[in-house]
K.L.:
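Let me give you the structure first, and then I'll get to my questions.
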Amino acid sequence: MSTYAIGDIHGGLKALLQVLNKLEVTQKDTLIFMGDYVDGWSESAQVIEFLINLSGKINCVFIRGNHDVWCQNWLKDSKDVNPSWYMHGGKETIESYVGFSNQEKQQHLTFFDNTKLYYLDTENRLFLHAGFTSMHGVEKEVHKETFYLDRTLWETALAMDKTLEKNTVFYPKRFTHYKEIYIGHTPTTNFNVLKPMNVKNIWNVDTGAAFKGKVTGIDIDTKIFVQSNTLPSLYPDEKGRN
């Protein structure tokens, strides 16, 4: 019985299938998906369809990413096309829904509506797409959009003095509430790293699938991880969000 965190997918169904096969997932396992299922590669709608079916067989937790919110809004109202979203993967997502019935789109909207802004497990490990800003923890976050848009949590971790002790007044209080914090949203490839990054108690498992990186699945107990091939190699005739 294992629990795996799955990083950002961005329409790369082929990559997701590679990761799940490498993990050799069983019905006793739990999969925590970190959000951004859509936007980038050509199989966004197919990823959602697959995840809906997968959740009927395996215990899955679905976190909401910022790209998911944009797709969710479009599924609610096809005229609600955020220009920034359209340019950053939305066009490919809209095209992936060609051939899907209104009923199927409604099922996908229900999927997005049921995604979580964050998830806290029984061992006080926090999972969310981007971050949070409240020094008192996620329950005190004023603006809920922060959970899928924030980058300051990760930037703070990267910039802080790594020798700083947890019991000092200078240690970021946000970090102290949880045993571990798992995020996506900011690709590790931005820092020329192709694998999950760990700073203090924060784990970033977005390994750049939207661009030239990979999809990652990590065992949150052992920290052993597996990865797909690079997305451009799986979709050689596409550009993703590059």
K.L.:
In Å, rounded to the nearest 0.5 Å, how long is the span from NZ of Lys166 to CG of Asn201?
P.N.:
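Rounded to the nearest 0.5 Å, the NZ-CG separation comes to 6.5 Å.
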K.L.:
Could you walk me through whether Tyr37 and Phe111 pass ring pair (Phe, Tyr, Trp, His ring centres under 6.0 Å), step by step?
P.N.:
CA-CA 11 Å; Tyr37 313 106; Phe111 168 86; 5.7 Å; yes
K.L.:
Please report the shortest heavy-atom distance between Leu117 and Ile63, naming the atom on each side.
P.N.:
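For Leu117 versus Ile63, the nearest heavy atoms are O-CG2, 4.1 Å.
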K.L.:
Side-chain heavy atoms under 4.5 angstrom apart, residues restricted to Ile, Leu, Val, Met, Phe, Trp, Tyr: same cluster for Leu194 and Leu231?
P.N.:
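Different hydrophobic clusters.
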K.L.:
What are the two closest heavy atoms between Leu164 and Pro172, and how far apart are they?
P.N.:
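Looking at all heavy atoms of both residues, the closest pair is CD2-CD, 4.4 Å.
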K.L.:
Give a yes or no on this: more than 12 heavy atoms of other residues, nucleotides or ligands lie within 6.0 Å of atom NZ of Lys28.
P.N.:
no
K.L.:
Answer with yes or no whether the hydrophobic clustering places Ile224 together with Ile32; edges join I, L, V, M, F, W, Y residues whose side-chain heavy atoms lie under 4.5 Å apart.
P.N.:
no
K.L.:
Please report the C-alpha distance between Gln72 and Arg64 in whole Å, then the side-chain angles of each, then the deciding distance to 0.1 Å, and finally whether the side-chain contact (heavy atoms from CB on, under 4.5 Å) criterion is met.
P.N.:
CA-CA 10 Å; Gln72 179 185 20; Arg64 186 178 307 167; 4.2 Å; yes
K.L.:
Between Thr189 and Thr207, is there a side-chain heavy-atom distance shorter than 4.5 Å?
P.N.:
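No, every pair of side-chain atoms sits at 4.5 Å or beyond.
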K.L.:
Look up atom CG in Asn82 and atom CE in Met87, then write down how far apart they are to the nearest 0.5 Å.
P.N.:
11.0 Å
K.L.:
Give the minimum heavy-atom separation between Gly184 and Asp8, together with the two atoms involved.
P.N.:
CA-OD1, 3.5 Å
K.L.:
Any donor-acceptor pair under 3.5 Å linking the side chain of Trp41 with the backbone of Ala209?
P.N.:
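Checked: pair present.
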K.L.:
What's the spacing between Asn204 CG and Lys195 NZ if we round to 0.5 Å?
P.N.:
13.5 Å
K.L.:
Can you tell me if NZ on Lys173 sees more than 12 non-hydrogen neighbours from other groups inside 6.0 Å?
P.N.:
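Atom NZ in Lys173 is not crowded, with 12 or fewer foreign heavy atoms closer than 6.0 Å.
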K.L.:
Do Met197 and Ile218 belong to the same hydrophobic cluster, where Ile, Leu, Val, Met, Phe, Trp and Tyr are linked whenever their side-chain heavy atoms lie under 4.5 Å apart, directly or via other members?
P.N.:
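No; tracing contacts between hydrophobic side chains, which count when under 4.5 Å, never links both residues.
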K.L.:
Using the side-chain contact (heavy atoms from CB on, under 4.5 Å) rule, take Gln46 and Phe100 through it: C-alpha gap first, then chi angles, then the decisive distance, then the call.
P.N.:
CA-CA 10 Å; Gln46 291 77 12; Phe100 278 72; 3.8 Å; yes
K.L.:
For a 4.5 angstrom cut-off between non-hydrogen side-chain atoms, does Ile181 reach Phe132?
P.N.:
yes
K.L.:
Any chain of hydrophobic side-chain contacts (each under 4.5 Å) joining Ile9 to Leu75?
P.N.:
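In one cluster: yes.
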K.L.:
Looking at Lys239, I want to see if its NZ is surrounded by more than 12 non-hydrogen atoms of other residues, nucleotides or ligands under 6.0 Å.
P.N.:
no
K.L.:
Do the side chains of Cys60 and Leu54 get nearer than 4.5 Å, heavy atoms only?
P.N.:
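Yes - at least one pair of side-chain heavy atoms lies under 4.5 Å apart.
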K.L.:
Taking the side chain as C-beta and beyond, is there a heavy-atom pair between His67 and Trp70 under 4.5 Å?
P.N.:
yes
K.L.:
Hey, does Val61 have a side-chain heavy atom less than 4.5 Å from the side chain of Phe127?
P.N.:
no
K.L.:
With a 6.0 Å cut-off (strictly less than), is the heavy-atom count around NZ of Lys105, excluding the residue itself, greater than 12?
P.N.:
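Count over threshold, so yes.
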K.L.:
When rounded to the nearest 0.5 angstrom, what distance separates OG1 in Thr216 from CG in Leu23?
P.N.:
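Atom-to-atom, Thr216:OG1 and Leu23:CG are 10.0 Å apart.
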K.L.:
Do any N or O atoms from the side chain of Arg241 and from the backbone of Gly89 form a donor-acceptor pair under 3.5 angstrom?
P.N.:
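Absent.
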K.L.:
As an exercise, state the distance from CG of Asn73 to CG of Leu109, rounded to the nearest 0.5 Å.
P.N.:
9.5 Å
K.L.:
Please determine which of Thr3, Val19, Asn59, Leu20 meets the side-chain contact (heavy atoms from CB on, under 4.5 Å) test together with Leu31.
P.N.:
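Of all the options given, the one that passes is Leu20.
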K.L.:
Residues two or more places apart in sequence or in another chain: which of them pass salt bridge (Lys or Arg N to Asp or Glu O under 4.0 Å) with Arg125?
P.N.:
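So Arg125 forms a salt bridge (Lys or Arg N to Asp or Glu O under 4.0 Å) with Asp121, Glu123, Asp221.
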K.L.:
Hey, are the side chains of Phe62 and Asn114 touching, using non-hydrogen atoms and a 4.5 Å cut-off?
P.N.:
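They are not in contact (no side-chain heavy atoms under 4.5 Å apart), so the answer is no.
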K.L.:
If Ile, Leu, Val, Met, Phe, Trp and Tyr residues are connected whenever their side-chain heavy atoms lie under 4.5 Å apart, and connections chain through other members, are Phe33 and Ile48 in the same group?
P.N.:
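Linked, Phe33 and Ile48 end up in one cluster.
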K.L.:
Going from NE2 on His177 to CG on Leu126, what distance comes out if it is rounded to the nearest 0.5 angstrom?
P.N.:
10.5 Å
K.L.:
Does atom NZ of Lys144 have more than 12 heavy-atom neighbours from other groups under 6.0 Å away?
P.N.:
yes
K.L.:
Has the side chain of Asp68 got a donor or acceptor atom that lies under 3.5 Å from a matching backbone atom of Asp36?
P.N.:
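Pair found, side chain donor or acceptor close to backbone of Asp36.
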K.L.:
Contact between Trp74 and Asp80 at the side-chain level, heavy atoms closer than 4.5 Å - yes or no?
P.N.:
no
K.L.:
Determine the minimum heavy-atom distance between His108 and Ile52, stating which atoms define it.
P.N.:
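That would be CD2-CD1, 3.6 Å.
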K.L.:
Compute both the distance and the angle, then confirm whether Lys14 meets the cation-pi test with Tyr235: under 6.0 Å from the six-membered ring centre, within 45 degrees of the axis.
P.N.:
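Positive - Lys14 is close enough to the ring of Tyr235 and near enough to its axis.
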K.L.:
Got more than 12 heavy atoms from elsewhere within 6.0 Å of NZ, Lys116?
P.N.:
no
K.L.:
So which atom in Leu149 and which in His185 form the shortest heavy-atom distance, rounded to 0.1 Å?
P.N.:
O-NE2, 3.2 Å
K.L.:
Working note: Ser42 + Glu92, criterion side-chain contact (heavy atoms from CB on, under 4.5 Å); need CA distance, chi angles, decisive distance, verdict.
P.N.:
CA-CA 6 Å; Ser42 60; Glu92 289 76 15; 5.8 Å; no
K.L.:
Parallel, tilted or perpendicular: which fits the ring planes of Tyr182 and Trp203, with parallel below 30° and perpendicular above 60°?
P.N.:
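The arrangement is parallel - the two ring planes meet at less than 30°.
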K.L.:
Between Arg174 and Thr152, what is the shortest heavy-atom contact and its length?
P.N.:
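Smallest heavy-atom distance, with atoms named: NH1-OG1, 3.1 Å.
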K.L.:
So do the side chains of His129 and Asn66 get within less than 4.5 Å of each other, counting heavy atoms only?
P.N.:
yes
K.L.:
Is a side-chain donor-acceptor pair under 3.5 Å present for Thr133 with Glu141?
P.N.:
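The answer is yes; a qualifying pair exists.
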K.L.:
Are Thr93 and Trp85 close enough, and set up right, to give a side-chain contact (heavy atoms from CB on, under 4.5 Å), and what steps lead you there?
P.N.:
CA-CA 10 Å; Thr93 294; Trp85 170 59; 4.2 Å; yes
